[in-house]
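A short write-up of the structure that comes next.
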2 protein chains.
Amino acid sequence: MENILQNKNYRESLNKTNLRATPARLAILQYLDEAKNPLDVNTIIDYLNCQKIKTNQATVFRIMNILTNKNIAIPTYFQDGKTRYELANKKHHHHLVCEKCGKIEDVEGDSIQSLEKEIGKEHKFLIKKHSLEFYGLCVGCK
Amino acid sequence: MENILQNKNYRESLNKTNLRATPARLAILQYLDEAKNPLDVNTIIDYLNCQKIKTNQATVFRIMNILTNKNIAIPTYFQDGKTRYELANKKHHHHLVCEKCGKIEDVEGDSIQSLEKEIGKEHKFLIKKHSLEFYGLCVGCK
DNA sequence: ATGGTTGCAAACACTTTGCACATGA
DNA sequence: TCATGTGCAAAGTGTTTGCAACCAT
């Protein structure tokens, strides 16, 4: 579980995993790296269009799947049915999702490590990861 | 947040919330009540067919949405993109999802209540619920 | 009787796939 | 050069909606 994106050299990061550095891939890595929230495919496509990089859904889905398989990106599945992606790079965190405006906020810290260990042992289950989302109302909406 | 399904009188439970007691609704409530796992719509349809209750996806989705809005059922969203439902009736719990065979196991106990309070306060976020799923390998698959 | 429910088909949204063409190394 | 990647269109899923017919109360 090494940190593939350590030096923001996206091109090198791609080559290191036997992926070619295409304009779309480079731009997506940069966008994910700058993003404060997990991004869904349509948001990514809009961004690429703004950057004058012509693309389409099939390609972006393919890229996101590859980045996921190479452990460069991590998908999270929210209640609206859209998959959102973040760089695996980021510190482990959870999400606060506002049910009114849809805003997604990160919560840093892996606060349930010990719980995870305990549960895994008790249920004889090899836990590899977890997904913890809090749903409610953000400051502006409550 | 009263317990609507306290006495397994599904008909009464439905009437109490201004819902008519149709064969599909009664059977779904009973099925959910007996189920050890959250159920997705196709699984529910298969069950209804076995029970000689003719139905279709639109109807079952509509029923599940209504039950969710009436706080009788709770949806959970898993990585395979399918929504699964449980009775709101059940003790609060989390899920262990086997990434190989797909089996879903419940983990009883609301072990992160205090964490939730803490995070809500710190982020000025009104947390109404959370969703915690553990992914990995079950006894049989590891 | 009549308003809530269903069934069917069509529409939607998200995601995947096939195949010819284009391109990075 | 040539394997890898892209674009487009079509197809695959899960879910929702419109509307006429149906049925629980």
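This one's a predicted model, so the numbers in the text were calculated from it and none came from an experiment. Naming: A, B, ... by sequence-line order, numbering from 1 per chain.
At whole-Å resolution of the value, CZ in Phe78(A) and P in dT15(D) are 18 Å apart. Remark: P of dT15(D) and OH of Tyr85(B) are 6 Å apart, rounded to the nearest angstrom. Rounding to whole angstrom units, CG of residue Asn69(B) and P of dT16(D) are separated by 10 Å. Spacing between atom OH of Tyr77(A) and atom C1' of dT15(C) amounts to 11 Å, rounded to whole angstrom units. Atom pair Phe61(B):CZ and dA13(C):C1' shows a separation of 13 Å (rounding to whole Å applied). Separating the CD1 atom of Ile66(B) from the P atom of dT16(D) is a distance of 12 Å, rounded to the nearest angstrom. Summarising the geometry, the separation between CG on Leu26(A) and P on dT6(D) is reported as 10 Å, rounded to the nearest angstrom. As rounded to whole Å, 19 Å separates atom P of dG24(C) from atom CD of Glu12(A).
For Phe78(A), the side chain to side chain contact (heavy atoms under 4.5 Å, CB included) test picks out Pro38(A), Thr76(A), Asp80(A), Arg84(A), His95(A), Val97(A), Ile104(A), Glu133(A), Tyr135(A), with sequence neighbours left out. Judged as a side chain to side chain contact (heavy atoms under 4.5 Å, CB included), and not counting sequence neighbours, the contacts of Lys100(B) are Cys98(B), Leu137(B), Cys141(B). The salt bridge (Lys or Arg N to Asp or Glu O under 4.0 Å) test applied to Glu116(A) returns no partner, not counting sequence neighbours. Tyr31(A) meets the ring-ring contact (aromatic ring centres under 6.0 Å, His included) test with Tyr47(A); sequence neighbours excluded. Shown here are the ring-ring contact (aromatic ring centres under 6.0 Å, His included) partners of His92(B), two or more places apart in sequence or in another chain: His94(B), His130(B). Annotation: salt bridge (Lys or Arg N to Asp or Glu O under 4.0 Å) contacts of Lys129(A) (sequence neighbours excluded): Glu99(B). In this view, Asp46(B) satisfies the salt bridge (Lys or Arg N to Asp or Glu O under 4.0 Å) rule with no residue, not counting sequence neighbours. With sequence neighbours excluded, no residue forms a salt bridge (Lys or Arg N to Asp or Glu O under 4.0 Å) with Glu122(B).
Looking at heavy-atom distances under 4.0 Å, Asn65(A) makes contact with sugar-phosphate atoms alone, never a base.
Using a 4.0 Å cut-off, no side-chain N or O of Asn18(B) falls inside it from OP1 or OP2 of dG4(C). In terms of phosphate contacts, Thr83(A) brings a side-chain nitrogen or oxygen within less than 4.0 Å of OP1 or OP2 of dT15(C).
Within a heavy-atom distance below 4.0 Å of DNA chain D, no residue of residues 45-56 of chain B is found.
Along DNA chain C, the nucleotide nearest Thr59(A) and the nucleotide nearest Asn42(A) are compared for position; the residue whose nucleotide lies closer to the 5' end is Asn42(A). Summary of the strand contacts: Ala21(B) and Arg25(A) both lie near DNA chain D, and taking for each the nucleotide with the nearest heavy atom, the more 5' one is attributed to Arg25(A). Annotation: of the two residues near DNA chain D, Pro23(B) and Thr22(A), the 5′-most nearest-nucleotide partner is Thr22(A).
Atom OG1 of Thr43(A) sits about 9.5 Å away from atom CG of Asn37(A), to the nearest 0.5 Å.
Residue pairs meeting the salt bridge (Lys or Arg N to Asp or Glu O under 4.0 Å) criterion with at least one member in residues 52-68 of chain A, sequence neighbours excluded, do not occur.
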Mind listing the N/O atom pairs, protein and nucleotides 18-23 of chain D, below 3.5 Å?
from    : atom 1 : to       : atom 2 : distance (Å)
dG18(D) : O6     : Arg62(B) : NH1    : 3.1

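For Lys142(B), the NZ atom is densely surrounded, since the number of other residues' heavy atoms within 6.0 Å is greater than 12.
Between the side chain of Arg25(A) and the backbone N or O of Arg20(A), at least one donor-acceptor pair lies under 3.5 Å.
Of all nucleotides listed (dC14(C), dT16(D), dT15(C)), dC14(C) comes nearest to the side chain of Lys82(A).
Across the helix from dA1(C)-dT25(D) to dA25(C)-dT1(D), the helix axis at one end is tilted relative to the axis at the other end by 30° (nearest 10 degrees, each axis from five pairs).
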